Amino acid sequence: MWIVTGLGNPGTKYTRTRHNVGFKVIDHLAETYGMTLEEKEQYRLGRGTIDGQRVVLLEPLTFMNRSGTAVKRVLKRAAFSSDNRGDAFIVVHDDLDLETGVVKIRKGGSSGGHRGIESIMQETGTRDFIRVKVGIGRDRAVPVEKYVLGSFSPAESRLIKDAIIRAAEAVAVIVTEGIDTAMNRYNRPAQPGKARL
């Protein structure tokens with residue numbers, strides 16, 4: 001079984017912000033594969049399959065900086081062991097260091113300063129999980145905290161819409177064909193209009 005977590009902040013005022021790209025990818029996966037996300041105390045969760053592979057979709061509702069609290073709870077309930085957690089656990093999140101619309105897959109490594117990833121590492125005790133990153137760009141003139149909670153411009157929105165589709169497709173490829181195939185296919189600059197999911 002795979003657990004796919006998308007990071008974001010709960011509440012309507014955050015829905016269209018750059019920091020909520022992870023939620024958008026989970027929503028797209030749920031719609032594409034016919035899963036219903038049910039709201040619990042600390043998270044929204046959906047169960048289903050992607051091409052025969054059992055998948056749990058997760059959106060933590062504990063706010064970005066405490067994402068790990070909800071993730072740890074779900075991993076524990078799913079009886080994930082430390083031996084298989086990294087290979088069957090995917091986190092989808094925004095990335096300031098990638099150009100807007102770029103999708104990149106990585107396994108392990110540092111948090112890159114992403115507070116949601118830091119929280120997951122701290123709560124689960126591991127950094128050896130798969131990340132699907134969606135680039136949101138960076139404006140050096142704007143403080144990071146303000147930038148990530150801002151909305152996309154119309155031009156950025158077009159890139160992000162395509163990136164959400166490609167990121168969801170990348171998750172499906174990881175689950176069904178493996179991370180190496182997915183990295184070879186998606187770790188390259190964004191190509192608007194090329195998404196196939």
Side-chain angles (χ1 to χ4, degrees), residues 1-8 17-33 50-53 55-59 64 67-68 71 84-121 124 126-140 144 147-148 152-153 155-197:
M1 179 176 68
W2 289 82
I3 294 183
V4 184
T5 300
L7 301 187
T17 64
R18 294 181 178 91
H19 229 12
N20 271 38
V21 165
F23 278 6
K24 296 295 186 184
V25 174
I26 295 298
D27 291 344
H28 188 80
L29 283 165
E31 181 179 356
T32 301
Y33 292 99
I50 295 178
D51 294 339
Q53 297 294 319
V55 173
V56 170
L57 301 180
L58 172 65
E59 293 180 353
M64 185 66 78
S67 298
V71 168
N84 73 5
R85 183 180 296 154
D87 291 332
F89 179 41
I90 302 169
V91 179
V92 185
H93 64 92
D94 58 289
D95 194 303
L96 285 162
D97 295 321
L98 294 176
E99 292 181 14
T100 302
V102 171
V103 173
K104 186 173 182 180
I105 302 165
R106 178 180 179 182
K107 181 166 182 190
S110 71
S111 68
H114 194 288
R115 298 291 178 85
I117 297 297
E118 287 178 1
S119 176
I120 291 172
M121 288 179 176
T124 65
T126 184
R127 60 174 59 190
D128 191 29
F129 50 86
I130 298 168
R131 301 95 184 272
V132 176
K133 306 178 180 187
V134 179
I136 60 169
R138 184 191 290 256
D139 185 342
R140 304 266 178 198
V144 169
Y147 180 77
V148 297
F152 292 106
S153 69
E156 290 174 325
S157 294
R158 289 190 289 272
L159 292 174
I160 288 298
K161 183 177 180 180
D162 183 70
I164 287 168
I165 296 171
R166 285 185 292 107
E169 185 185 43
V171 168
V173 173
I174 293 169
V175 168
T176 59
E177 300 181 49
I179 187 171
D180 291 339
T181 298
M183 290 176 72
N184 288 335
R185 194 174 299 173
Y186 293 97
N187 283 1
R188 56 192 184 207
Q191 296 179 351
K194 297 296 184 181
R196 297 184 299 280
L197 186 66

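Keep in mind the model is a prediction, meaning the values are calculated, not measured.
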| request: Report yes if some heavy atom in the side chain of Ile90 is under 4.5 Å from a heavy atom in the side chain of Val175; otherwise report no. | output: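 Ile90 reaches Val175 side chain to side chain.
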| message | Could you check whether any side-chain heavy atom of Ile130 comes within less than 4.5 Å of a side-chain heavy atom of Ile105, counting everything from C-beta outward? | response |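 Touching, per the 4.5 Å side-chain cut-off.
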Considering all heavy atoms, the nearest [X]-[Y] contact:
X	Y	answer
Gln53	Trp2	OE1-NE1, 4.2 Å
Ser119	Gly68	OG-N, 2.8 Å
Gly135	Ile160	O-CD1, 3.6 Å
Leu159	Thr100	CD1-O, 3.7 Å
Ala88	Met1	CB-O, 3.3 Å
Gly101	Ala163	O-CB, 3.5 Å

| Residues in salt bridge (charged side-chain N to carboxylate O under 4.0 Å, His left out) contact with Asp95, at least two apart in sequence or another chain |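 Only Lys133 meet the salt bridge (charged side-chain N to carboxylate O under 4.0 Å, His left out) criterion with Asp95.
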| field | Result of checking Val4, Leu58, Ile117 against Val91 for side chain to side chain contact (heavy atoms under 4.5 Å, CB included) | value |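 Looking at Val4, Leu58, Ile117, the match for Val91 under the side chain to side chain contact (heavy atoms under 4.5 Å, CB included) is Ile117.
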| Among Leu29, Leu57, Val55, side chain to side chain contact (heavy atoms under 4.5 Å, CB included) partner for Val171 |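 With Val171 as partner, Leu29, Leu57, Val55 yield a single side chain to side chain contact (heavy atoms under 4.5 Å, CB included), made by Leu29.
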| field | Note: Arg185-Glu177 ion pair, threshold 4.0 Å (strictly below) | value |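 Salt bridge present between Arg185 and Glu177.
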| request: Answer yes or no: is there a donor N or O on one side and an acceptor on the other, between the side chain of Arg131 and the main chain of Phe129, under 3.5 Å? | output: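 Present.
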| query | Excluding sequence neighbours, so at least two apart, what forms side-chain contact (heavy atoms from CB on, under 4.5 Å) with Asn184? | reply |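 Partners of Asn184 by the side-chain contact (heavy atoms from CB on, under 4.5 Å) criterion come out as none, since no residue qualifies.
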| task | Could I get the full list of side-chain hydrogen bond (donor to acceptor under 3.5 Å, both in side chains) partners for Glu156, not counting sequence neighbours? | result |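 side-chain hydrogen bond (donor to acceptor under 3.5 Å, both in side chains) check on Glu156 returns Arg18, Ser153.
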